[in-house]
> 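There's a structure below that I have some questions on.
As a basis for the values below, the full set of heavy atoms in this structure was taken, side chains included, without hydrogen atoms, waters or symmetry mates. Just so you know, ligand 1 is whichever comes first in the structure, and atom 1 is the first atom listed for that ligand. For this chain, numbers begin at 1 and follow the sequence in order.
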Amino acid sequence: MPSTRPKAQVDCGFDDLRPRIEQALEQACEFGSGCPERLSEAMGYALLAPGKRLRPALVMMAAECCGGAVEDAMPGAVAVEMIHAYSLIHDDLPAMDDDDLRRGRPTVHIKYDEATAILAGDGLLTQAFAHLSQHVAGSNKAVSAIRALSFAAGASRLVGGQADDLAAEQNAKQLEPNHPESAGCQDETLPRPATSEYPRLQHLESIHRRKTGALFSVALDLGAILVDASDEQRQLLSSYSAAIGLAFQVVDDLLDYTAEATTLGKRTGKDADRGKLTYPGLLGLDGARQKAQELVASAQRDAEKFGDSGRRLRLLADFVLERSH
Ligand code: GRG
């Protein structure tokens, strides 16, 4: 739950995997002789920026809990982080969330320029699939991995969720033209839900299952695909990921209200400023905290079914609830 505990006390379950992920990401920053230096630099700037590496870690954890070798899952880990990095670059653009800070650094369009940022995103998006095609052993497996990742990143999942999120923000602006310009972390200052006919909570959930959840789900599925997991194992991972992906988003919304920008590495309070549809806005801070706890408890139950090999998944579920950044 956004807590005041120092980061070091929360075991995310994959600190030992992180150096291997970083090394693989660095090695993947070779974009070919035709790639202009400035573009290559911008792609590397985004991909290697200090992120939590949750999605690549999930790929490797899934491989491990399905009885496979984490190294076999590395191409999936790199590919999913490339998609994530592209989505962050584009999300930060002036036409979308218009952010100047990401992962504690200037966003790509601030550090370089807008056109370079768009192209760096395009380059990483495409490179993710090239990477899978080059590094997954066995063409059937490579095609399965590419199919899963392209679906998750596509118009009905990540891109569609982002589009609906932007539309919801537009609607909120139209419905509440006099919405307060800023809000703090007091319950009474949270945005008032606008009057509307559609079930707002379900709509919010649908957005986040696509915008945030799709990459969490496909990360786990890629790990399973790359080590030939059974249908039963994939089913269990799918249930775990549905819960953990949504919990991550609920906590993200909470952090936007409660965390400091310096801790989070990006600007805070933006959701409230924009009158965005958020969990604290709809459920209140306590309701949102309870929702996150219930989702994480559900993910824990799924992870327990993997026995000892699900240990990292259990630790990660706790981390999602406890994280401060
Ligand atoms: C542009 C197609 C397109 C999609 C954008 C990434 C995204 C979708 C939106 C970012 C806005 C946002 C705050 C989403 C909430 C969840 C999320 C993706 C948070 C960032 O992920 P972290 O916290 O980031 O894992 P790091 O930097 O640690 O990798």
Side-chain angles (χ1 to χ4, degrees), residues 2 7 12 14 18 21-22 25 45-59 77-78 80-99 101-105 107-109 117-118 120-122 124-126 128 149-169 204-205 207-219 244-257 259 261 263-274 276-280 292 316 319-325:
K7 275 191 273 180
C12 60
F14 64 89
R18 203 175 268 121
I21 296 170
E22 295 302 333
L25 291 175
Y45 177 80
L47 187 64
L48 303 180
K52 291 184 286 299
R53 311 301 185 216
L54 278 175
R55 295 153 192 83
L58 282 171
V59 179
V78 169
V80 79
E81 188 69 5
M82 283 178 172
I83 299 283
H84 175 53
Y86 125 75
S87 76
L88 296 178
I89 299 174
H90 281 195
D91 184 65
D92 290 333
L93 287 167
M96 297 214 192
D97 218 30
D98 193 11
D99 254 308
L101 189 65
R102 169 70 65 186
R103 293 171 160 179
R105 297 175 172 187
T107 47
V108 179
H109 66 277
I118 293 169
D122 294 342
L124 285 169
L125 168 62
T126 318
L149 189 58
S150 58
F151 178 71
S156 71
R157 306 288 288 159
L158 174 68
V159 172
Q162 175 77 351
D164 276 349
D165 194 34
L166 292 171
E169 197 179 312
L204 182 64
E205 216 153 285
I207 288 172
H208 293 312
R209 285 205 184 282
R210 290 171 289 149
K211 191 182 93 169
T212 308
L215 286 194
F216 276 84
S217 295
V218 79
I244 209 71
L246 205 52
F248 183 85
Q249 182 62 55
V250 178
V251 173
D252 214 70
D253 284 358
L254 281 164
L255 286 170
D256 189 69
Y257 281 102
T263 315
L264 215 53
K266 62 181 185 182
R267 280 200 281 141
T268 52
K270 284 197 71 184
D271 296 346
D273 288 353
R274 293 172 160 220
K276 264 186 109 162
L277 207 52
T278 66
Y279 285 97
L316 185 89
F319 171 74
V320 163
L321 200 59
E322 296 285 325
R323 74 192 177 100
S324 58
H325 66 301

> Please identify which atoms of ligand 1 are closer than 4.0 Å to at least one heavy atom of Leu88.
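Contacts of ligand 1 toward Leu88, numbered from 1: 6 (C).
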
> Sorted by first residue and then second, give each salt bridge (charged side-chain N to carboxylate O under 4.0 Å, His left out) pair with at least one member in residues 152-164; sequence neighbours left out.
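Listed by first then second residue: Asp164-Arg210.
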
> Give a yes or no on whether a salt bridge exists between Arg209 and Glu205, defined as a side-chain N under 4.0 angstrom from a carboxylate O.
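Counted as a salt bridge, because a side-chain N and a carboxylate O are separated by less than 4.0 Å.
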
> Which of the atoms of ligand 1 are close to His90, meaning less than 4.0 Å from one of its heavy atoms?
1 (C)

> Can you find an N/O atom of Lys52 closer than 3.5 Å to an N/O atom of ligand 1?
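Yes, there is a polar N/O contact under 3.5 Å.
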
> Are side-chain heavy atoms of His84 and Pro56 found at a separation under 4.5 Å?
no

> Between Ile21 and Glu81, is any pair of side-chain heavy atoms under 4.5 Å apart?
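No, side chains not in contact.
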
> Can Arg102 be said to sit on top of Tyr45's aromatic six-ring, NZ or CZ under 6.0 Å from centre and within 45° of the ring axis?
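Geometry flag: not set, cation outside 6.0 Å or 45°.
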
> Would you mind running through ligand 1 and noting each atom that sits below 4.0 Å from a heavy atom of Thr212?
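Answer for ligand 1: 15 (C), 16 (C).
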
> Taking Thr107 for the side chain and Asp99 for the main chain, is one N or O donor matched with an acceptor at less than 3.5 Å?
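Yes, because the side chain of Thr107 sits within donor-acceptor range (under 3.5 Å) of the backbone of Asp99.
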
> Does ligand 1 have any atom that is closer than 4.0 Å to a heavy atom of Arg55?
yes

> For ligand 1, which atoms have a heavy atom of Tyr86 less than 4.0 angstrom away?
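Listed by number with element: 2 (C).
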
> Which one of Arg102, His84, Arg103 has a non-hydrogen atom at the shortest distance from atom 24 (O) of ligand 1?
His84

